[in-house]
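Could you have a look at this structure, given as structure tokens, before my questions?
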Amino acid sequence: MRHLMSPLDFSVEELDKLFMLADDIEHNPAKYAHACAGKKLATCFYEPSTRTRLSFESAMLNLGGNILGFSDAGSSSAAKGESVSDTIRMISCYADICAMRHPKEGAPMVAATKSSIPVINAGDGGHQHPTQTLTDLLTIRAIKGRLNNFTIGLCGDLKFGRTVHSLINALVRYDNINFVFISPDELKIPEYIIEMLREKSIPYREVTALEDVMSELDILYMTRVQRERFFNEEDYVRLKDFYILNKEKMELAKDDMIVLHPLPRVNEISVEVDDDPRAVYFRQVQYGVYVRMALLLTLLEIKVDY
Ligand code: NCD
């Protein structure tokens with residue numbers, strides 16, 4: 001039985017297979033409409049989410065399966081003091097696979113050790129968010145046609161942003177990727193990631209101004225400043241509007257640059273950018289459903305010929 005805790009749990013070859021399956025799902029949805037008939041997905045979300053939870057649920061429903069779960073810790077037995085380990089043992093009796101989001105780093109991993117069904121980490125604190133990374137990779141692959149040879153700028157909250165941490169981890173396995181980290185000093189990328197890049201001799205730069213690097217980027221990955229991870233409101237208020245991507249800044253960018261964002265967006269991308277064909281964050285949401293469908297089939301070991 002396999003779980004998904006980090007994007008590195010899959011080899012590059014396995015990821016390729018997963019993306020090919022997601023491609024086939026996109027183009028032949030009817031073939032998969034009953035693939036998970038009789039299967040149940042439990043979504044155990046101890047932290048608010050709209051996109052990720054609904055994306056998982058939509059993925060399972062598209063496959064003809066069923067869903068159950070809870071969407072905040074307050075309405076689950078966690079409020080009564082139940083441990084994640086006990087909860088997953090119980091969920092294992094109710095469902096065939098579980099997607100878990102938790103504010104504590106490592107909680108889905110603890111659950112996986114006690115689970116008799118596959119557990120998917122749907123985001124653990126500021127740590128990892130592997131299914132967002134699968135979504136990001138599939139989007140880049142589908143739109144750019146490759147997962148190598150590009151310069152990617154990651155902008156915003158690089159300190160707490162788990163989507164950023166997961167994506168960097170995954171991208172370092174592909175050739176010739178240049179990283180540009182764009183953040184205020186207070187929200188810089190964690191040192192352990194910088195060390196990992198240095199060890200692997202992967203080129204990176206850290207800058208503060210988005211305008212200075214815009215023209216070099218093939219991909220711009222915007223992120224929100226995450227209010228819930230700040231210890232005090234003052235710091236949040238000071239930093240929340242540090243970056244606002246608008247039409248003027250988009251004019252500095254290459255014609256084929258693409259803008260990704262894991263969403264939710266707050267102020268960091270002005271709505272006027274939404275109509276720019278290079279803004280692909282809503283298409284990214286759709287790719288998220290395809291890749292989660294592919295993931296559910298893979299972890300449940302359900303084969304559909306394609
Ligand atoms: C991200 C998350 O939860 O980490 N959202 C998502 O899953 N699509 C990013 C965020 O909340 O800012």
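Order of appearance sets the numbers: ligands from 1, and atoms from 1 within every ligand.
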Checklist entry - Polar-atom distance check: Glu228 versus ligand 1, any N or O pair below 3.5 Å? => result no

Item to check | Residue pair Arg224 / Pro264, side-chain heavy-atom distance below 4.5 Å | outcome: yes

Item to check | Closest approach of any protein heavy atom to atom 4 (O) of ligand 1, naming residue and atom | outcome: Arg162 NE, 2.8 Å

Checklist entry - Salt bridge or not for Asp23 and Arg141, using N-O below 4.0 Å? => result yes

Item to check | Protein contact of atom 9 (C) of ligand 1 - nearest heavy atom, named by residue and atom, plus distance | outcome: Leu263 O, 3.7 Å

Item to check | Shortest non-hydrogen contact between Ile97 and Ile120, atoms and distance | outcome: CD1-CD1, 4.0 Å

Item to check | Heavy atom of the protein closest to atom 7 (O) of ligand 1 (residue, atom name, distance) | outcome: His129 NE2, 2.7 Å

Checklist entry - Is Arg53 paired with Glu47 through a side-chain N to carboxylate O contact shorter than 4.0 Å? => result no

Checklist entry - Hey, are Lys240 and Glu268 close enough for a salt bridge, meaning a charged N less than 4.0 Å from a carboxylate O? => result no

Checklist entry - Between Glu216 and Thr151, is a side-chain hydrogen bond (donor to acceptor under 3.5 Å, both in side chains) present by the stated rule, with each step listed? => result CA-CA 7 Å; Glu216 300 168 33; Thr151 297; over 6 Å; no

Checklist entry - Can you check whether Tyr243 reaches Val225 side chain to side chain, under 4.5 Å on heavy atoms? => result no

Checklist entry - Does the N or O separation between Thr163 and ligand 1 drop below 3.5 Å for any pair? => result no

Checklist outcome for this item: Per-atom filter on ligand 1: closer than 4.0 angstrom to a heavy atom of Gln226 are 10 (C), 12 (O)

Item to check | Top protein contact for atom 11 (O) of ligand 1, by heavy-atom distance | outcome: Arg224 NH2, 2.8 Å

Next on the checklist: Quick check on contacts: which atoms of ligand 1 are under 4.0 angstrom from a heavy atom of Arg51?
Outcome noted: 8 (N)

Checklist entry - Counting each atom of ligand 1 from 1 as listed, which ones have a heavy atom of Thr52 under 4.0 Å away? => result 6 (C), 7 (O), 8 (N)

Checklist entry - What closest approach, in Å, do Ile182 and Thr208 show between heavy atoms, and which atom pair accounts for it? => result CG2-O, 3.8 Å

Checklist entry - What part of Arg101 sits under 4.0 Å from ligand 1 if we count only heavy atoms: the side chain, the backbone, both or neither? => result side chain

Item to check | Min heavy-atom dist Pro264 to ligand 1 below 4.0 Å | outcome: yes

Checklist entry - Is there a nitrogen or oxygen of Pro262 sitting under 3.5 Å from a nitrogen or oxygen of ligand 1? => result yes

